[in-house]
Amino acid sequence: EAGVTQFPSHSVIEKGQTVTLRCDPISGHDNLYWYRRVMGKEIKFLLHFVKESKQDESGMPNNRFLAERTGGTYSTLKVQPAELEDSGVYFCASSQDIWGLAGGPSYNEQFFGPGTRLTVL
Amino acid sequence: AQSVAQPEDQVNVAEGNPLTVKCTYSVSGNPYLFWYVQYPNRGLQFLLKYITGDNLVKGSYGFEAEFNKSQTSFHLKKPSALVSDSALYFCAVRDMQAGNNRKLIWGLGTSLAVNP
């Protein structure tokens with residue numbers, strides 16, 4: 001089974017430019033997450049998709065960030081225009097709920113991609 | 001506010017010795033707790049989780065963690081460290097504030113160095 005993949009692995013852009021990051025989740029996983037780790041700080045949640053719908057985007061820093069998941073498969077995260085403070089490692093993760101006999105989904109672990117290291121100069 | 005603390009930036013241990021990487025948490029309700037590991041130039045790999053049941057959880061690569069509700073801790077342990085265990089370890093807890101929330105709250109990470 002292929003894991004979560006992310007593209008590109010590294011991106012170096014200048015302030016004011018646009019960058020688009022891509023994430024391909026594990027096939028069949030309805031849940032897709034974006035996280036970011038700024039150097040020296042904790043990993044922070046950005047948003048969560050369930051299929052193509054944004055379930056929770058409370059962690060998106062501002063309106064320069066736009067995430068999409070058309071068709072409920074891969075997702076893109078666009079930063080436009082990029083600022084210096086956007087530099088960091090962007091992680092994507094996916095998970096799948098399992099519906100048990102008691103009703104309601106179990107909470108399963110998230111599987112992470114290798115990350116995209118974004119450097120804004 | 002919900003949070004995770006990993007009080008040690010770095011842990012050094014000799015190969016063959018037991019290792020402990022500490023994690024404490026603060027959440028409302030019963031916590032869902034996770035450990036992940038990041039090897040150099042790699043993504044985050046899931047190690048183990050505690051959701052309910054036995055307080056001692058066994059995971060990948062011989063790691064285990066003990067959930068202690070009274071101390072709000074979830075320390076990661078391994079009886080005998082390997083040089084290949086050297087990596088960055090992250091503790092995380094599910095955000096329980098909103099109903100169907102699935103986001104994780106993370107510690108800062110602990111760098112584990114196992115010396116030969």
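Side-chain atoms are counted along with the backbone in the values below, which use heavy atoms only and exclude waters and symmetry mates. Letters go in sequence order (proteins before strands), and every chain restarts at 1.
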Same apolar cluster: [X] and [Y], side chain cutoff 4.5 Å:
X: A/Met39; Y: B/Leu88; answer: no
X: A/Val50; Y: A/Tyr35; answer: no
X: A/Ile13; Y: A/Leu21; answer: yes
X: A/Phe49; Y: A/Met60; answer: yes
X: B/Val93; Y: B/Val37; answer: yes

Task: Non-hydrogen atoms of B/Arg102 and A/Gln110 that approach each other most closely - done: O-NE2, 2.9 Å
Open item on the list: At under 4.5 Å between heavy atoms, what parts of residues 111-121 of chain A are in contact with chain B? List them by residue number.
Closed with: A/Phe112, A/Gly113, A/Pro114
Task: The single option from B/Leu108, B/Leu104, B/Leu44, B/Ile105 passing side-chain contact (heavy atoms from CB on, under 4.5 Å) against A/Ile43 - done: B/Leu44
For [range], give me every residue with a non-hydrogen atom less than 4.5 Å from any non-hydrogen atom of chain A.
range: residues 27-34 of chain B; answer: B/Tyr32, B/Phe34
range: residues 54-75 of chain B; answer: none
range: residues 7-24 of chain B; answer: none

TODO: Check whether B/Gln38 gets within reach of chain A through its side chain, its backbone, both or neither, counting any heavy atom under 4.5 Å.
DONE: side chain
Open item on the list: Please classify the contact of B/Lys103 with chain A as side chain, backbone, both or neither, using a heavy-atom distance under 4.5 Å.
Closed with: both
Open item on the list: Is A/Ser58 in contact with chain B via its backbone, its side chain, both, or neither, using a 4.5 Å heavy-atom distance?
Closed with: side chain
Flag if over 12 foreign heavy atoms under 6.0 Å of [atom1], [X]:
X: A/Glu83; atom1: CD; value: yes
X: B/Arg42; atom1: CZ; value: no
X: A/Lys15; atom1: NZ; value: no

Open item on the list: With rounding to the nearest 0.5 angstrom, report the CZ to OH distance, A/Phe91 to B/Tyr36.
Closed with: 11.5 Å
